[in-house]
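Report on the structure given below.
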Amino acid sequence: MADKRLLLIDGNSIAFKAFYALFQSVDRFTNHEGLHTSAIYGFNTMLDNILTAVQPTAALAAFDAGKVTFRTKLYDDYKGDRKKTPTELIEQFPYIKELLKDRGIKSYELANYEADDIIGTLSKQAEAAGYEVTIVTGDRDLTQLCSDHVTVSVSKTGVSEIDHYTADYVKEHLGITPKQIIDLKGLQGDTSDNYPGVTKVGPKTADKLIKQFGSIENLYDHIDEVTAKKLKEHLIEDHDQALLSKRLATIDCNAPVTIGLDELEYMGNQDEALIAFYKRMNFNKFLSQMNLQSEMPTIEYTMIDADHLNDVKLSGAVTLYLGMDGDNYHQAPFVGFVIGDGDHWYVSRDVELLKSAPLKDRLTDDQTPISVFDAKRAYVGLNRLGIKLNHVDFDMLLVSYLLNTNDNSNDLSKVASKHGYYGVKSDDDVYGKGAKRSIPEDDQTLFDHLASKALAISALKDKMFKELDEHDQTRLYQEIELPIAFVLARMEIQGITVNRDQLISMGSKLSERIAEYEQAIYNDAGQEFNIGSPKQLGEILFEKLHLPVIKRTKTGYSTSVDVLEKLAPEAPIVDNILKYRQLSKIASTYVDGLLKVIYPSDNKVHTRYLQTLTQTGRLSSVDPNLQNIPIRTDEGRQIRRAFVPSHPGWQIFSSDYSQIELRVLASISGDTNMQDEFNHNDDIHASTARRIFGLQSNDEVTPELRRQAKAVNFGIVYGISDFGLAKNTGISRKDAKQFIDKYFAEYPKVNEYMQNEVKFAHANGFVETITHRRRYLPDIHSRNFHQRSFAERTAMNSPIQGSAADIIKIAMINMESALAGMQAKMLLQIHDELVFEAPAEEIPVLEKLVPKVMDSAVKLQVPLRVASHHGPTWYDAK
DNA sequence: TTACTCACG
DNA sequence: ACGTACGTGAGTAAA
């Protein structure tokens, strides 16, 4: 590698390239101040790539100085056709220059000249001075500058794909010298720079002529050798234009540049400034790549063992981080822990130490406020050690989730960086990824990492609490989310008993039936194939059997249920496939899937409720998911027979809210028509049917009309569109539109509410529930119709779905105290339903108590209604 | 890992 | 003209 290497960057061109490469996601790239950052981000990606490749000793970024240049003086319309630069890009230019400065690269511009001319001039000077020069641009015209020591790197579609043009490369690929590129442009003109060239001469003719004559001047010297009559006429006619165009295309390599090569030294990253800049731009990816050594706090900690527990001093608030290797904290092996009070930190791999004084005392007393990351995880982990965690006051994960559901993650390092704290390495970096993942054997590596986590938790506590307060979410946190974490932990630990034998016998019956359908399908198809492969199935149905294609996916034919249902009348194979699908789903997901996660020790499944995942405030359930156990078909519903009480003679008891989302809507919209119907305890879907179909009050509502009205009510809750309603109900889009219009006329405040939510989202960037739970909707400002519409529907739906989630969480917290002194246990939450087990004699109590606790969770403008069922298995609780 | 499909509220 | 219902998790195929 040459020892003098100059990097010249065409600043404007790269900024444009970067901006348009990320144009689709322009609204996703904004920092906390609302500044668009896409071009800055793309520019920096390019810098990363090129700096690594070139390793320059000198560097400069050239920018255009303004609209007026010597070229506009030559030709008024030069670049006259250019569209206005979008404001989203214009606002980024000052920051791009700041970025360059922080990366140790000077920026330069020169009145009356374009960036090209600066680059051309300096590249010639540098070449003469013995530099290897690399020019980075998005503009292919700069390849005219190629020479033995000047390489032009042209970024293609994005900012990472780059073509490297050397003089040889130009000759080889274009068959001309770099110098001849301007002759080519002179003849063919340039539509983007808006100069004409010669009439009717495009790239092909120009290429031919230049290869034949070498240059424009030589072409006109030998104009009689041009045989094509029309072409010759045009050439003669446009002689001046050709020469002008060539001049416009020619980069001025003798521009009066006032900066010297000796001033271009590449300084490298200015770490401190660059880190600050990345933080301001929210460039977490780039931040994580920086050597954040300066940011990594050095933490003093004491390694402790059983003999030195008495030396442990902890006073006041305590921070705990309990390390476990894996997501499933019911069984993940312990890695170690760190505990401290801000003054002293103690670490060990031996979690058994936590069982002894003084550590256990701090964790279980009423006086010590504990800070953690993920209280539920800590609670379950400590519970495995026989320690009842008490009095958590700060759960960093939970607070972060409440502040913004969008930038949440289970990774402490990521959460910390979202809140401006960069002193924690990610688990992936420390432990490795995938198969290579392992807990470090080296004590210092492990303990430094654990301790850095604890330090982050304690460092961010005040700041995040303050933000919570600014969001008016302190009550949501203290009275709902934090308490429910422990309710959920206890439900998870309790688990629900699954009858393994029941599942196994269901499984073998299913296997037989699946095999029968399989044979029938092979017969109908005339061959064997993998029915479970959408690809193979598509080939059989649509190529071999020539069934009509209803819908396509991006990779092939769609074979989803709604497609197959349309095809069913056409061929018997389709019904068999539907049945086969249904049964294999039950067998694989529910029989085999559940069997895999039953704990042999207690014959139970212990799900984990993810409390910080959904965008709406709902819970989700994993390992296993107990929120999607079949119920809609009886064959699937049989699975519920395997869910049984943990004691003989006990019952499964279940209560669910009726139409909780519609009731929430009736209440928060203030629509008195809808409220009246709920207050009169009417059948809401029938009432809606009467209204939208214009029936008299004594007319009978047929089941079909009720079904349609119910679909409209669902649609309303989801943020309706005529298209969506039509698709989901099979009615025409026109009818759907009529129903919706009538609906809004009948329930005017509902319409008003929907519009207000969208307006609120536009004005504030988020929507909120009755408890101030927020959902941010950055796409509400998107220029992309699809994204924006989606955000608008979400703005309508989230407060409804989220408020319903709030309500059941409150009910669950109240339920625990209501059940005190009883044997009954709360086992499951399925969004609007709670499932319990209880001895038979407590069932009459539950039948009164549970609905009472549930319907009094909050006070709405309409009553909440709760229905209860019970039986010896979950199946029977219907 | 991604795409598809399908189970639930 | 655009082209979707809202929120999830898990199994399988195919890369």
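Quick note on labels: first sequence line is chain A, next is B, and so on, each numbered from 1. For clarity, every value in this text was computed on a predicted model and none was experimentally measured.
The interatomic distance linking A/Tyr875 (OH) with B/dC8 (C1') rounds to 17 Å, in whole Å. The separation between A/Leu662 atom CG and B/dG9 atom C1' is 13 Å, rounded to whole Å. Atom C1' of nucleotide B/dG9 and atom NZ of A/Lys710 are separated by 12 Å, given to the nearest angstrom. Between the CG atom of A/Asp562 and the C1' atom of B/dC4 there is a distance of 13 Å, given to the nearest Å. We find that NZ of A/Lys551 is positioned 10 Å from P of B/dC6, with the value rounded to whole Å. Here B/dC6 presents its C1' atom at 12 Å from CD of A/Glu565, a figure rounded to the nearest Å. Remark: P of C/dG3 and CD of A/Gln787 are 13 Å apart, rounded to the nearest angstrom. The CD-P distance, from A/Glu792 to C/dC6, rounds to 12 Å in whole Å.
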Handout entry: Trace of the side-chain contact (heavy atoms from CB on, under 4.5 Å) decision for A/Val574 with A/Leu547
Key = CA-CA 10 Å; A/Val574 178; A/Leu547 293 174; 4.0 Å; yes
Problem - Worked verdict on A/Arg608 versus A/Asn328 for side-chain contact (heavy atoms from CB on, under 4.5 Å) - result: CA-CA 8 Å; A/Arg608 281 176 297 129; A/Asn328 191 339; 3.7 Å; yes
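Using a 4.0 Å heavy-atom cutoff across all strands shown, A/Ile800 reaches no nucleic acid atom at all. As judged by a 4.0 angstrom heavy-atom cut-off over every strand, A/Asn728 is placed among the base-contacting residues. Using a 4.0 Å heavy-atom criterion, one finds that A/Ala711 contacts the bases of the nucleic acid, with or without backbone contacts as well.
Using a 4.0 Å cut-off on heavy atoms, the residues of residues 712-721 of chain A that approach DNA chain C are A/Gly715, A/Tyr718, A/Ile720, A/Ser721, listed by number.
An OP1 or OP2 oxygen of B/dT5 is reached within less than 4.0 angstrom by no side-chain nitrogen or oxygen of A/Arg581. Phosphate contact (OP1/OP2 of B/dG9, side-chain N/O of A/Arg632, threshold under 4.0 Å): present. In this structure, A/Arg793 reaches the C/dC6 phosphate: one of its side-chain N or O atoms is under 4.0 Å from OP1 or OP2.
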Completion exercise
Given protein heavy atoms under 4.0 Å, the one-letter contact record of nucleotides 7-13 of chain C, with B base, S sugar-phosphate only and - none, is simply BSBSSSS
What pairs of donor and acceptor atoms, side-chain ones from residues 610-617 of chain A against any protein atom, are under 3.5 angstrom apart with sequence neighbours left out?
unit_1   : atom_1 : unit_2   : atom_2 : d
A/Gln611 : NE2    : A/Glu481 : O      : 2.8
A/Gln611 : NE2    : A/Glu481 : OE1    : 2.7
A/Thr614 : OG1    : A/Gly617 : N      : 3.1
A/Thr614 : OG1    : A/Arg618 : N      : 2.9
A/Thr614 : OG1    : A/Arg618 : O      : 2.6
A/Gln615 : OE1    : A/Thr405 : OG1    : 3.0
A/Gln615 : NE2    : A/Thr405 : O      : 3.3
A/Thr616 : OG1    : A/Arg618 : N      : 3.4
A/Thr616 : OG1    : A/Gln801 : OE1    : 2.9

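Ring to ring, A/Tyr517 and A/Tyr580 are not that close: their centroids are 6.0 angstrom or more apart. The aromatic ring centres of A/Phe739 and A/Phe693 sit less than 6.0 Å apart.
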Fill in the blank from the handout: Pairs under 3.5 Å (Watson-Crick or G-U), crossing ones as [ ], inter-strand ones as |: DNA chain C comes out as .....|||||||||.
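Heavy-atom neighbours of A/Lys759 NZ from other residues, nucleotides or ligands within 6.0 Å: at or below the threshold of 12. Atom CZ of A/Phe714 has 12 or fewer neighbouring heavy atoms from other residues, nucleotides or ligands inside a 6.0 Å radius. Within 6.0 Å of atom NZ in A/Lys742, more than 12 heavy atoms from other residues, nucleotides or ligands are found, so the atom counts as buried in its surroundings. Counting heavy-atom neighbours within 6.0 Å of A/Lys604 NZ, excluding the residue itself, gives a total above 12.
Using cut-offs of 30° and 60° for the angle between ring planes, the A/His330 and A/His606 rings count as tilted.
Residues in residues 506-515 of chain A take part in these side-chain hydrogen bond (donor to acceptor under 3.5 Å, both in side chains) pairs, two or more places apart or across chains: A/Arg513-A/Glu635. Sorted by first and then second residue, the ring-ring contact (aromatic ring centres under 6.0 Å, His included) pairs with a member in residues 549-570 of chain A read A/Phe542-A/Tyr557; sequence neighbours excluded.
Here, B/dC6 and C/dG3 have their P atoms 25 Å apart, quoted to the whole Å. Here, C/dT4 and B/dA3 have their P atoms 15 Å apart, quoted to the whole Å. Remark: the separation of the C1' atoms in B/dA7 and C/dC2 is 32 Å, to the nearest Å.
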